[in-house]
Number of protein chains: 2
Amino acid sequence: MSVKKQPVTASDVARLAGVSQSTVSRVFIDGSSVSATAREKVFAAAKELNYRPNAFARSLTTNESRLIGLVFPDSDYPIHMETLQLLSKELQKNGYSAVLIPWELDDQQQHSIPNIFQYRVDGVMAASAQFNTALYEECRDFNIPIVQFARIEEGTKCSSAISDNYSAGKIAARTLVQRGAEQLAYLTGNIPAYTNTERLEGFTEELQSLTGQTPRDIQTSYVYEEALDGIRAVLAEDHHPDAFFCSTDTLAIALMDIARSEFGLSIPEDIQVIGFDDIPQASWLGYQLSTFKQDFNRLAKEAVKLLLNQVQSEDRALVKLMIPVELVERNTLRK
Amino acid sequence: MSVKKQPVTASDVARLAGVSQSTVSRVFIDGSSVSATAREKVFAAAKELNYRPNAFARSLTTNESRLIGLVFPDSDYPIHMETLQLLSKELQKNGYSAVLIPWELDDQQQHSIPNIFQYRVDGVMAASAQFNTALYEECRDFNIPIVQFARIEEGTKCSSAISDNYSAGKIAARTLVQRGAEQLAYLTGNIPAYTNTERLEGFTEELQSLTGQTPRDIQTSYVYEEALDGIRAVLAEDHHPDAFFCSTDTLAIALMDIARSEFGLSIPEDIQVIGFDDIPQASWLGYQLSTFKQDFNRLAKEAVKLLLNQVQSEDRALVKLMIPVELVERNTLRK
DNA sequence: CTGAAAGCGCTTACAG
DNA sequence: CTGAAAGCGCTTACAG
């Protein structure tokens with residue numbers, strides 16, 4: 001039955017190295033006092049036997065797993081794969097590993113989330129995804145810290161590392177006004193999000209302070225196909241906006257596609273557009289979209305730092321970290 | 001220091017339920033014989049105390065972790081996020097969880113992969129990414145089964161669930177010939193892959209049997225920006241191909257962008273194109289790309305089944321599972 | 001069906 | 001600096 005090769009243990013290494021099992025254990029714990037000779041003998045034996053300390057046994061005594069639960073994006077949003085790599089690597093660098101928590105489980109929703117907690121994750125990273133309240137409450141019950149990455153879920157109270165959406169909104173308004181736009185609109189999807197609200201707030205406040213106007217707030221869908229009709233309706237109006245700040249690049253691209261192919265509009269002559277995210281498609285030949293680039297690298301580093309800090313210090317102070325965002329100009333803004 | 005709430009254990013539950021700790025343990029193991037009354041008392045107590053069996057303690061005795069290492073894609077390829085969800089859910093359904101293995105670690109490459117093995121993953125799923133040989137060898141040393149998902153790495157011997165690339169190649173050739181194409185080309189990136197080879201083989205063999213011709217094999221880069229020059233060079237030729245089968249949709253789109261904007265070519269009148277993957281962008285208004293859709297849902301299910309089968313049965317027979325692929329026609333093929 | 005007890009592979013006071 | 005021993009929270013023969 002169990003043909004599985006019997007794993008080598010610290011005792012095996014101890015025997016070969018001629019030391020006690022305790023000593024072997026100490027060699028693999030940073031900061032333990034072990035003589036240089038003992039250390040060498042143990043390393044040699046460990047290498048010969050291909051020994052790896054058993055993390056499960058360790059966590060049983062230390063009561064920490066060095067495992068972080070990762071709630072990850074629900075959508076195919078192109079930027080997210082890289083983000084996951086960044087987070088995973090950053091955790092790894094700090095001696096932690098990421099366990100995936102599927103955010104949505106069709107059937108046995110009740111059943112599956114707790115499963116993850118059988119692994120006693122030390123913390124949870126909610127990576128730019130909606131995460132359900134069951135998970136949130138579970139974490140609170142077990143006093144497991146959560147950090148939200150790149151977005152903030154309504155009604156939750158946890159630390160977060162997000163882009164400075166408010167400033168992005170201000171910059172977008174200022175830039176568009178500078179380039180001669182007269183009727184500004186904010187184009188967004190249908191999923192309420194704190195980041196979105198902030199962006200609109202910055203956009204609105206800056207526009208008001210500059211011109212006294214209030215931008216139009218147009219809501220449609222985040223899915224390309226589903227956004228099309230909403231956009232059509234707006235562009236069909238006699239006095240449609242001449243400048244759009246879009247909450248995702250995909251939305252901006254849907255807008256460009258329709259504006260050009262169905263309304264014969266030129267960009268940026270007839271309408272100007274600014275996106276958000278800088279997905280790979282933003283720089284495709286047919287788009288050359290001016291958009292905000294989020295600093296995911298920094299975001300990942302900071303989010304991990306935030307989380308591990310809470311994990312290690314038991315300090316549950318809430319911090320909301322805002323990372324600056326950069327407007328990369330391509331060809332959808334007038335000069 | 002350790003303010004961490006002391007987790008509740010099986011003994012706590014046993015005390016409250018008025019049974020032995022063994023009985024509590026049995027209640028949470030499927031197939032153990034426990035009386036209905038005992039079971040109920042334990043469930044009640046467990047619920048009241050919010051008890052979760054400790055997976056680490058379990059795996060220490062059972063010698064299985066119910067953890068699967070997941071090597072995941074290096075690229076921003078849009079299709080992959082969904083794939084990850086599918087794999088993760090499928091594992092979860094079977095009582096397993098996925099731990100991420102960052103495929104590439106800049107500095108301490110040697111050091112980090114073994115770290116993962118401190119968690120004694122029961123198996124490894126290599127999800128459409130290149131995975132390095134260090135990991136491969138590590139798995140072999142520890143007798144940990146690997147299944148490759150959606151691609152096959154050169155020089156490795158493990159089971160895999162992939163799309164039927166060979167047939168896709170044949171279908172592409174047949175379709176293109178049927179639609180009047182005369183000079184067929186296969187456009188691909190610069191990373192050698194078994195799946196790619198198979199696709200070209202099917203494409204070539206079918207074309208030869210149909211017309212006696214051999215398709216041109218054009219290699220450029222998988223990255224949009226880097227592919228542009230190679231594509232330009234081909235289209236600048238006097239007698240460039242009039243039909244392209246592209247190994248990714250991104251490549252197909254780069255081709256379309258250049259053909260139309262720089263060479264004034266119409267699609268599908270002047271050139272016909274077929275992509276591979278059916279990424280969301282393939283159905284954007286400006287592209288309407290005819291392309292092959294991989295059945296990722298089925299692929300994920302089968303790959304997980306394959307892997308867990310190896311994990312649970314110690315059966316290390318190599319199986320290469322091929323899932324049919326579907327050509328979805330849009331507007332880049334003549335009628 | 002059930003309980004007492006050994007054991008999984010570590011860490012960590014406790015002595016020395 | 002080092003070893004013997006207890007203990008982490010489970011599972012699993014072994015008796016009953």
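All values below come from the heavy atoms of this structure, side chains included, with hydrogens, waters and symmetry mates left out. Sequence lines set the chain letters: A, B, ... in the order given, protein chains first and strands last, and positions in each chain run from 1. Just so you know, these numbers come straight off a predicted model, no measurement behind them.
Legend: residues meeting side-chain hydrogen bond (donor to acceptor under 3.5 Å, both in side chains) with B:Thr195, ordered by chain and number and at least two apart, are absent. Considering only residues two or more places apart in sequence or on other chains, A:Thr61 meets the side-chain hydrogen bond (donor to acceptor under 3.5 Å, both in side chains) condition with none of them. For A:Tyr136, there are no ring-ring contact (aromatic ring centres under 6.0 Å, His included) partners, not counting sequence neighbours. Checked against ring-ring contact (aromatic ring centres under 6.0 Å, His included), B:Phe56 has the following partners two or more places apart in sequence or in another chain: A:Phe56. A:Thr23 is linked by a side-chain hydrogen bond (donor to acceptor under 3.5 Å, both in side chains) to A:Ser20, counting only residues two or more places apart in sequence or in another chain. With sequence neighbours left out, A:Ser163 forms a side-chain hydrogen bond (donor to acceptor under 3.5 Å, both in side chains) with A:Gln294.
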Apply the test side-chain hydrogen bond (donor to acceptor under 3.5 Å, both in side chains) to residues A:Asn54 and A:Arg52: give CA-CA distance (whole Å), side-chain angles for both, the deciding distance (0.1 Å), then the verdict.
CA-CA 6 Å; A:Asn54 183 323; A:Arg52 307 261 179 279; over 6 Å; no
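Between B:Leu60 atom CG and C:dA6 atom P the separation is 17 Å, expressed in whole Å. Computed from coordinates, the A:Phe28 CZ to C:dG9 P distance equals 16 Å when rounded to whole Å. One interatomic measurement links the two molecules: CG of B:Asn54 to C1' of C:dC8, which rounds to 13 Å at whole-angstrom precision. Across the protein-nucleic acid pair, A:Lys41 atom NZ and D:dG3 atom C1' stand 13 Å apart, rounded to whole Å. Atoms CZ (A:Arg120) and P (C:dC10) sit 20 Å apart, rounded to a whole Å. Between B:Gln118 atom CD and C:dC10 atom P there is a gap of 10 Å when expressed in whole angstrom units. Atom pair B:Glu64:CD and D:dC10:C1' shows a separation of 13 Å (rounding to whole Å applied).
Of the candidates C:dT2, D:dG3, C:dC10, the closest approach to any side-chain atom of B:Val34 belongs to C:dT2. Distance from the side chain of B:Ser20 is smallest for C:dA4 among the nucleotides D:dG3, C:dA4, D:dC10.
A donor-acceptor contact closer than 3.5 angstrom links the side chains of B:Gln310 and B:Ser159.
As judged by a 4.0 angstrom heavy-atom cut-off over every strand, A:Ala55 is placed among residues making no nucleic acid contact.
For A:Ser35 and D:dT2, the shortest distance from a side-chain N or O to OP1 or OP2 is below 4.0 Å. B:Tyr119 has no side-chain polar atom (N or O) that falls below the 4.0 Å cut-off from OP1 or OP2 of C:dG9.
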Which atoms of nucleotides 12-16 of chain C (N or O only) lie under 3.5 Å from a protein N or O atom, and what are those distances?
{"unit_1": "C:dA13", "atom_1": "N6", "unit_2": "A:Arg26", "atom_2": "NH2", "d": "3.1"}

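Take the nearest nucleotide of DNA chain D for B:Phe56 and for A:Ala36: the residue whose nucleotide is more 5' is A:Ala36.
Pairs engaging residues 15-34 of chain B under the salt bridge (Lys or Arg N to Asp or Glu O under 4.0 Å) rule: B:Asp12-B:Arg15 [sequence neighbours left out].
Stretches of at least 3 consecutive Watson-Crick or G-U wobble pairs, with each checked distance under 3.5 Å, appear in DNA chain D as C:1-3 with D:14-16, C:5-12 with D:5-12, C:14-16 with D:1-3.
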